[in-house]
Student: 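My questions all concern the structure below.
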Protein chains: 2
Amino acid sequence: MPTPATRDRLVAAAQELFAAQGVGATSPRQVLAASGVGQGSLYHHFPAKHDLAVAAVSATADQALAAALQELSGDSPALGRVLAYLERPRDALAGCRVGRLTSDQAVMDDDDLRATVRTFFDRLVATVAEVLTEAGVPPDDATDRAHAAVAVVQGGYVLARATGDPQAMRAAVRGFVTLLDPTTRDRPDDEESL
Amino acid sequence: MPTPATRDRLVAAAQELFAAQGVGATSPRQVLAASGVGQGSLYHHFPAKHDLAVAAVSATADQALAAALQELSGDSPALGRVLAYLERPRDALAGCRVGRLTSDQAVMDDDDLRATVRTFFDRLVATVAEVLTEAGVPPDDATDRAHAAVAVVQGGYVLARATGDPQAMRAAVRGFVTLLDPTTRDRPDDEESL
DNA sequence: GTCTATACAACGATAGAC
DNA sequence: GTCTATCGTTGTATAGAC
């Protein structure tokens, strides 16, 4: 299909709008305007808003999960990979594109969308737990710490958005990392330090 | 004023609806229906939805902050007070009434509402940091760990809602607590254990 | 497959009687 | 101070020509 892929333009526009304002707060009309497509085309490709939302949210979750799994895999030391995931530079003020969906009523009321969000976090936490186990943490502790690690990042987004300060997320991560791996205390901060 | 306080009924109904569905997703009409008040009464007390939202969100934030500060103050050992805050039983699937507002576009687009949310978290984090300092943690670490503690709770809400499992929040808190205070490892779990 | 035009409900807000 | 009735706009979705 050599077509300019109207469908892909719609999905991409929906992903951006969903990330910026949430699913429930984004209207099909806005997606049309942002993508430059006509009314009928949208409803040709996606019979209802639900169908567009499923396509866009799935794409966003897939992309986010792939990025995280990328960081968590590899041959470098296991604990270092977890630290890399925790300390990855993030657009803290924008919030997590997947995590934010948990307070979007339009998402939680839709079985398909809720399942997508659930799968993302189930896999993310399970992977972090595996890597921590590989790092020598006992399995039970690894599961709890994996939950804590993912929660610190998600909560860091909340704090950063609430206070309007991206440093709030960095402080939260730092507070957790220095407990998880005390040897990081004397390490130079390798991120932008503004 | 011996009146049945129509205004209070409106604010209370708005608080519940905001907690359940968010601010942007709640219409004045729903507040009317839930409170049993007439159209004109709402707009008599609150000229616009913004005014009702400010009253309801402020009340919710005030109540939530008072509850947290209550737990964090007192004469018991400082570290124990932080643990009490972290481990307090929470309705994890409902989400944080204040934290969830950070992904509500209607809130973030309103200067007054955003300021209310910000003040809540600024004060909460500052108080946790003070108590940690009182517990003997160096000031810099105390600030980072306070951010981490509040973030773990907020992220615990996200995980619990995402997975549909209240235990996800408990796992996240446990993962953080055992790092923050290793002596808690051998402690019996004093909460309801499903 | 894409477009313009339109339908119908719910939104936030106002008017004006009581 | 409270009510019912209504306004103009935007939401989701459909109709039907091209």
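So that the names make sense, note that chain A is the first sequence line, chain B the second, and so on, each numbered from 1. These figures come from a predicted structure and were not determined experimentally.
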Student: I need the full list of salt bridge (Lys or Arg N to Asp or Glu O under 4.0 Å) pairs touching residues 52-66 of chain B, with sequence neighbours left out, sorted by first then second residue.
Tutor: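 Every candidate salt bridge (Lys or Arg N to Asp or Glu O under 4.0 Å) pair involving residues 52-66 of chain B fails, so no pair, neighbours aside, qualifies.
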
Student: Please report, rounded to the nearest Å, how far the C1' atom of D/dT2 is from the NE2 atom of B/His45.
Tutor: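 Roughly 8 Å, once rounded to whole Å.
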
Student: Please list all pairs meeting salt bridge (Lys or Arg N to Asp or Glu O under 4.0 Å) that have one or both residues in residues 116-132 of chain A, counting only residues at least two apart or in different chains.
Tutor: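 Qualifying pairs, neighbours excluded: A/Arg118-A/Asp122.
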
Student: Return each pair, listed once, that meets salt bridge (Lys or Arg N to Asp or Glu O under 4.0 Å) where at least one residue sits in residues 41-55 of chain B; pairs must be two or more places apart or across chains.
Tutor: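 Listed once each, the pairs would be none.
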
Student: Would the distance check show the side chain of B/Arg145 and the main-chain N or O of A/Gly175 forming a donor-acceptor pair, the cut-off being under 3.5 Å?
Tutor: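 No, the answer is negative, given that no donor and acceptor are paired below the 3.5 Å cut-off.
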
Student: Got a sec, which pairs hit salt bridge (Lys or Arg N to Asp or Glu O under 4.0 Å) with one end in residues 10-35 of chain B, sequence neighbours left out?
Tutor: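 Every pair satisfying salt bridge (Lys or Arg N to Asp or Glu O under 4.0 Å) with a residue in residues 10-35 of chain B: B/Glu16-B/Arg97.
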
Student: Nearest-Å distance, CZ (B/Arg9) to C1' (D/dG1)?
Tutor: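 Taking CZ of B/Arg9 and C1' of D/dG1, I get 13 Å after rounding.
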
Student: Please state whether the phosphate of C/dG1, meaning OP1 or OP2, lies under 4.0 angstrom from any side-chain nitrogen or oxygen of A/Thr6.
Tutor: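 Checking C/dG1 against A/Thr6, no side-chain N or O comes under 4.0 Å of OP1 or OP2.
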
Student: Apply side chain to side chain contact (heavy atoms under 4.5 Å, CB included) to A/Arg81 and list each qualifying residue two or more places apart in sequence or on a separate chain.
Tutor: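 With neighbours one apart ignored, the set is A/Ser76, A/Ala78, A/Val131, A/Glu134.
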
Student: Between P on D/dA5 and CG on B/Leu32, what's the gap in Å once rounded to a whole number?
Tutor: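 Taking CG of B/Leu32 and P of D/dA5, I get 15 Å after rounding.
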
Student: Report all interatomic pairs (protein N or O, nucleotide N or O of nucleotides 12-14 of chain C) with separations under 3.5 Å.
Tutor:
unit_1, atom_1, unit_2, atom_2, d
C/dG12, OP1, B/Lys49, NZ, 3.0
C/dG12, OP2, B/Pro28, N, 3.2
C/dG12, N7, B/Arg29, NH1, 3.3
C/dG12, O6, B/Arg29, NH1, 3.2
C/dA13, OP2, B/Lys49, N, 2.8
C/dA13, N7, B/Tyr43, OH, 3.4
C/dA13, N6, B/Gln39, NE2, 2.4

Student: With ILVMFWY side chains joined below 4.5 Å, transitively, what does B/Val31's cluster contain besides itself?
Tutor: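 Other cluster members: B/Leu10, B/Val11, B/Leu17, B/Leu32, B/Val37, B/Leu42, B/Tyr43, B/Phe46, B/Leu52.
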
Student: So which of residues 103-114 of chain B are in contact with DNA chain D, with a heavy-atom cut-off of under 4.0 Å?
Tutor: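 Per residue number, the list is empty: none.
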
Student: Can you check whether A/His44 has a side-chain N or O nearer than 4.0 Å to OP1 or OP2 of C/dC3?
Tutor: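 No, no such contact exists.
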
Student: Mind checking what makes side chain to side chain contact (heavy atoms under 4.5 Å, CB included) contact with A/Ser58, not counting sequence neighbours?
Tutor: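 Counting only residues at least two positions away or on another chain, A/Ser58 forms a side chain to side chain contact (heavy atoms under 4.5 Å, CB included) with A/Val54, A/Thr116.
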
Student: CG of A/Leu10 versus C1' of C/dC3: gap in Å, rounded?
Tutor: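 Taking atom C1' of C/dC3 as the reference, CG of A/Leu10 is at 13 Å.
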
Student: Just the rounded figure in Å: distance from C1' of D/dA15 to CG of A/Leu42.
Tutor: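 After rounding, the reported distance stands at 16 Å.
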
Student: Would you tell me if any nitrogen or oxygen in the side chain of B/Ser41 comes within less than 4.0 Å of OP1 or OP2 on D/dC3?
Tutor: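 Yes.
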
Student: Test B/Arg185 against A/Asp141 for salt bridge (charged side-chain N to carboxylate O under 4.0 Å, His left out), laying out the working first.
Tutor: CA-CA 10 Å; B/Arg185 299 190 70 74; A/Asp141 281 346; 2.7 Å; yes

